[in-house]
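Accompanying notes for the structure given below.
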Amino acid sequence: MCGRTSCHLPRDVLTRACAYQDRQGQQRLPEWRDPDKYCPSYNKSPQSNSPVLLSRLHLEKGADSSERIIAPMRWGLVPSWFKEGDPSKLQFNTSNCRSDTIMEKRSFKVPLGKGRRCVVLADGFYEWQRCQGNQRQPYFIYFPQIKTEKSGSIGAANNPEDWEKVWDNWRLLTMAGIFDCWEPPEGGDCLYSYSIITVDSCKGLNDIHHRMPAILDGEEAVSKWLDFGEVSTQEALKLIHPTENITFHPVSPVVNNSRNNTPECLAPVDLQVKKELKASGSSQMMLQWLTTKSPKKEDPKIPQKAESDVPQWSSQFLQKSPFPTKRGGARLLEQWLKQEKEEEPVAKRPHSQ
């Protein structure tokens, strides 16, 4: 199950986070299609547009299938065979696609057979744990992050040879998806839309929810999933399975309303006192960075400052652990804050060109 994600990075930063090597081993950045349709958000829901990676060969005949494009697509696949003039009249939910029935349902089998595989990009996704009564506790789920010594180098990427050095901060979550292209019966622009493939939850997440997105963990998996020109459907489907390489923290119920689009959606909360933790050290830097980088507050007329304030997120200090008991989340976060205070550097190390 995946019904809400976050993808708040500005377009140029998101692009650098997706640097890759093509078939010749050259470092490249993916090109954008319809970039104006990308709307950064901390709280994306189905039917909104989200950025996905796909092979250039889908859009350009004769292109190298290892080259990548970023394109905003509608979340909720509209099959190419749908006959109504309004895609919102689709009678079934296509936000997610179960891996165990993907070859049984026409809506998913047809685009998969055409190689229409994509990678859905996100900071992470939200899931709700059922508690006593009708209460549900939201969690933010994402890749564990690696603390590096060269943080703050992003703003230096002006030349191709620098690209491999620029992104050493937040690792985007890469979820396997399929997409389709629907043409309105009465003519008009094609609508590109996608569905996130889901699998049984890994052991670490099973107490939150029994389903999770099919996460592509690593560049090799992403490359194979996208390169439909070289990797068959049968081989690609071997990549679809649960992963234990995941971490999470509880967040505020403010995320429950999809209209709420603020950094508070991602901020860790203390489950004992039901309020946001007082930020200190790198966590405060995270919140400040999220606020200044919010799409609503970013002024395109102001030159982009060096991004040395990219946050060192909580997961860099959280150890992967089994799901906490009802009150264990607070203890885990207290340990993180204590360790964070001990490990906080005296000063930022300047980036060396």
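No hydrogens, no waters, no symmetry mates; every other heavy atom, side chains included, goes into these values.
In terms of the ring pair (Phe, Tyr, Trp, His ring centres under 6.0 Å) criterion, W128 has no residue partners (sequence neighbours excluded). Residues that satisfy the side chain to side chain contact (heavy atoms under 4.5 Å, CB included) test with E183, not counting sequence neighbours, are C190. Listed by chain and number, the residues in a side chain to side chain contact (heavy atoms under 4.5 Å, CB included) with D36 are R11 (sequence neighbours excluded). Residues satisfying the side-chain hydrogen bond (donor to acceptor under 3.5 Å, both in side chains) test with D100, not counting sequence neighbours, are R98. Listed by chain and number, the residues in a side chain to side chain contact (heavy atoms under 4.5 Å, CB included) with D200 are R211 (sequence neighbours excluded). When the side-chain hydrogen bond (donor to acceptor under 3.5 Å, both in side chains) test is applied to E84, no partner is found at least two apart in sequence or on another chain. Applying the side chain to side chain contact (heavy atoms under 4.5 Å, CB included) criterion to C202, with sequence neighbours excluded, gives L205, M212, P242, E244, I246. Considering only residues two or more places apart in sequence or on other chains, F228 meets the ring pair (Phe, Tyr, Trp, His ring centres under 6.0 Å) condition with H58. Under the side-chain hydrogen bond (donor to acceptor under 3.5 Å, both in side chains) criterion, T94 pairs with no residue, sequence neighbours left out.
The stretch residues 108-117 participates, sequence neighbours left out, in these salt bridge (Lys or Arg N to Asp or Glu O under 4.0 Å) pairs: R116-D180.
Rounded to the nearest 0.5 Å, atoms OG (S252) and CG (D270) are 12.5 Å apart.
Side-chain N/O atoms of N43 and N261 include no donor and acceptor closer than 3.5 Å.
No option in F140, Y139, F143 other than Y139 meets the ring-ring contact (aromatic ring centres under 6.0 Å, His included) test with F248.
Checked against a 6.0 Å centroid threshold, the rings of H249 and Y142 count as neighbours. Between Y38 and W32, a ring centre-to-centre spacing shorter than 6.0 Å is recorded.
The neighbour count for E220 CD, taken as heavy atoms of other residues, nucleotides or ligands under 6.0 Å away, does not exceed 12. For R130, the CZ atom is loosely surrounded, since the number of other residues' heavy atoms within 6.0 Å does not exceed 12.
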Inset, instruction - Output, in order, the C-alpha distance, side-chain angles, deciding distance and verdict of side-chain contact (heavy atoms from CB on, under 4.5 Å) for L237 and L112. - result: CA-CA 10 Å; L237 287 176; L112 182 63; 4.2 Å; yes
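The aromatic rings of F179 and Y192 sit tilted relative to each other, their planes meeting at an angle between 30° and 60°.
Clustering of Ile, Leu, Val, Met, Phe, Trp and Tyr by side-chain heavy atoms under 4.5 Å joins W182 with V78, W81, F82, L90, F92, L191.
Y20 and V52 are assigned to two separate hydrophobic clusters, defined by single-linkage of ILVMFWY side chains at heavy-atom distances under 4.5 Å.
Between D123 and L173, the closest side-chain pair of non-hydrogen atoms is not below 4.5 Å.
Remark: the backbone N or O of S66 is not paired with any side-chain donor or acceptor of S55 at under 3.5 angstrom. Counting only distance, with no hydrogens or angles, the side chain of K44 and the backbone of C39 share a donor-acceptor pair below 3.5 Å.
Under 4.0 Å is where a charged nitrogen must lie from a carboxylate oxygen, and between E31 and R56 at least one such pair does.
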Listed pairs under 3.5 Å, donor-acceptor, residues 68-75 side chains, sequence neighbours left out:
| unit_1 | atom_1 | unit_2 | atom_2 | d |
| --- | --- | --- | --- | --- |
| R68 | NH1 | E219 | OE2 | 3.4 |
| R68 | NH2 | E219 | OE2 | 2.4 |
| R74 | NH1 | G76 | O | 2.6 |
| W75 | NE1 | S95 | O | 3.1 |

